2 protein chains.
Amino acid sequence: MRIGEVAAAVGTTPRTIRYYEEIGLMPGTAGREPGAHRTYSEDDVEQLREVLRLKGLLGLGLDELAELVANQEARRTLREEFRSATTSPARRTRILVELDAIVDHQLELVDRRRAQLDQLDAELRERRGRIAARLEELSEGAARA
Amino acid sequence: MRIGEVAAAVGTTPRTIRYYEEIGLMPGTAGREPGAHRTYSEDDVEQLREVLRLKGLLGLGLDELAELVANQEARRTLREEFRSATTSPARRTRILVELDAIVDHQLELVDRRRAQLDQLDAELRERRGRIAARLEELSEGAARA
DNA sequence: CTCCAACCTTACGTGAACGTAAGATAGAGA
DNA sequence: TCTCTATCTTACGTTCACGTAAGGTTGGAG
C-alpha cells in the first residue's frame, strides 16, 4: 500500500505518517531508494492503528509511544519466527514468554489509566446520588405540605 | 490564597494558572486592580484540581475543558443559591435538576472514555489468553515426548 | 515606615505535533 | 512511451501549552 491509502485507511494524513517515521514510530527508510515511494504492509497499517489508538486513549508522547512501538515490532519479529517451521519448541516457548511480558506491560498501562477513570466515575456517581437524594427530600416535603 | 500557594497545592506553576486565566479556565480579572496580586478561594483551588484531573485523564484541550469549567462555575453558583435561606423549594428543585444534568454530562464523557479503555483491555487480555494457550500446548507436547 | 520576597505585566522562547507550500520525481495506466 | 497523479524532499508556518527573562509593583513581616 502507498502512503495515501494507508492514511485514508487509518484516518490520518500522509504528513503524519512521514512525521511518525521521522521520530521512529513507523518502519523508516530501510531499503528504500531516496525519492522512491513508501510502501506499507498490512502489518504496518495495523501497527499504525494501534499507535494512534494508544496515543488517543492514553495521551502518550513520542517517547512513551516509542517504547510501545519497539514492543510492537518485537511482537511482529517474534510472531514470524514463531511461525517458522525451523523453530525449536524450546525457542518457541521463550518467544511466547517474551510476548507475554510485552502484552503484560501494555495491560499494566491500560489498567492504571482505567483505575483512575473508575475512581473519577465513582466520585461523579456519588455526587449524582447526593443530588438525587436531595430531590427526594424536596418532593417529600412538598407532598407533606 | 495567593497564586504561589495554589500552584504548590495542586502541583503546577503560577505561569500555568495565569495561562488558564488567560484562556478562561480560571476566575479572571473580575474586580482586581491592575497590578494587584491574585487571590483564590478554596473553591477555586478545587476547581483547578478538577480541571487538571480531567485534562490528564481525558486529554482534553482548552475548548473542551472550557465547557466543563463553565459547568463547574454553574455548579458553584447553583450550590450557593441552593444554600441560601431565601430560595424557594420550587427553585431548589430546578437547581437540583440542573446540577444533575451537569454531572450527567461529565459522566458521559468519562464513561465513553472508559468504554474504549475497556475494549482495549479486553483485546489485550484475549491476546494474553491465546499466548497462554499456546504455552500450554507446547508444554503438553514436551511432556508427551 | 521599611524591606524584600512574591507577585505583577509584557514579551519573547520552546517543544511537540503536525499543516502547508514549492519544485522535482516516481510509477501505474492508456 | 507518454502522461498525469500521487509522492518525494525541503523547509518554513502554526497552534497549544506552557517556560523564562526583564523590569516594575504589592503587601505582609518586622
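As the structure is a computational prediction, the values presented were derived from the model and not from experiment. All chains are named by letter (A, B, ...) in the order of the sequence lines, taking the proteins before the strands, and each is independently numbered beginning at 1.
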- Item | No-hydrogen, no-angle side-chain donor-acceptor test under 3.5 Å, A:Arg76 and A:Gln47 |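 Result is yes, a qualifying pair exists.
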
Atom [atom1] of [X] and atom [atom2] of [N]: how far apart are they, to the nearest Å?
X: B:Arg18; N: D:dG19; atom1: CZ; atom2: C1'; result: 12 Å
X: B:Ile3; N: C:dA6; atom1: CD1; atom2: P; result: 14 Å
X: B:Glu33; N: C:dT9; atom1: CD; atom2: P; result: 12 Å
X: B:Glu21; N: D:dC18; atom1: CD; atom2: C1'; result: 15 Å
X: A:Ile17; N: D:dT7; atom1: CD1; atom2: P; result: 9 Å

- Go along nucleotides 16-30 of chain C 5' to 3' and tag each nucleotide: B for a protein heavy atom under 4.0 Å from its base, S when only backbone or sugar atoms are that close, - otherwise. SBBBB-----SS---

- Message: Check the phosphate of C:dC7 against B:Arg38, side-chain N and O only, distance under 4.0 Å to OP1 or OP2. Yes or no?
- Response: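 Result: no.
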
Those residues that, when tested against [X], pass salt bridge (Lys or Arg N to Asp or Glu O under 4.0 Å) (two or more places apart):
X: B:Arg113; result: none
X: A:Arg32; result: A:Glu21
X: A:Glu137; result: none

- Please, which pairs that meet salt bridge (charged side-chain N to carboxylate O under 4.0 Å, His left out) have at least one residue in residues 84-94 of chain A, sequence neighbours excluded?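 Checked against salt bridge (charged side-chain N to carboxylate O under 4.0 Å, His left out) - neighbours excluded - the pairs reaching residues 84-94 of chain A are A:Glu81-A:Arg91.
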
- Message: Using the side chain to side chain donor-acceptor pair (under 3.5 Å) criterion, which residues pair with B:Arg53? Sequence neighbours excluded.
- Response: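 Side chain to side chain donor-acceptor pair (under 3.5 Å) check on B:Arg53 returns A:Glu123.
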
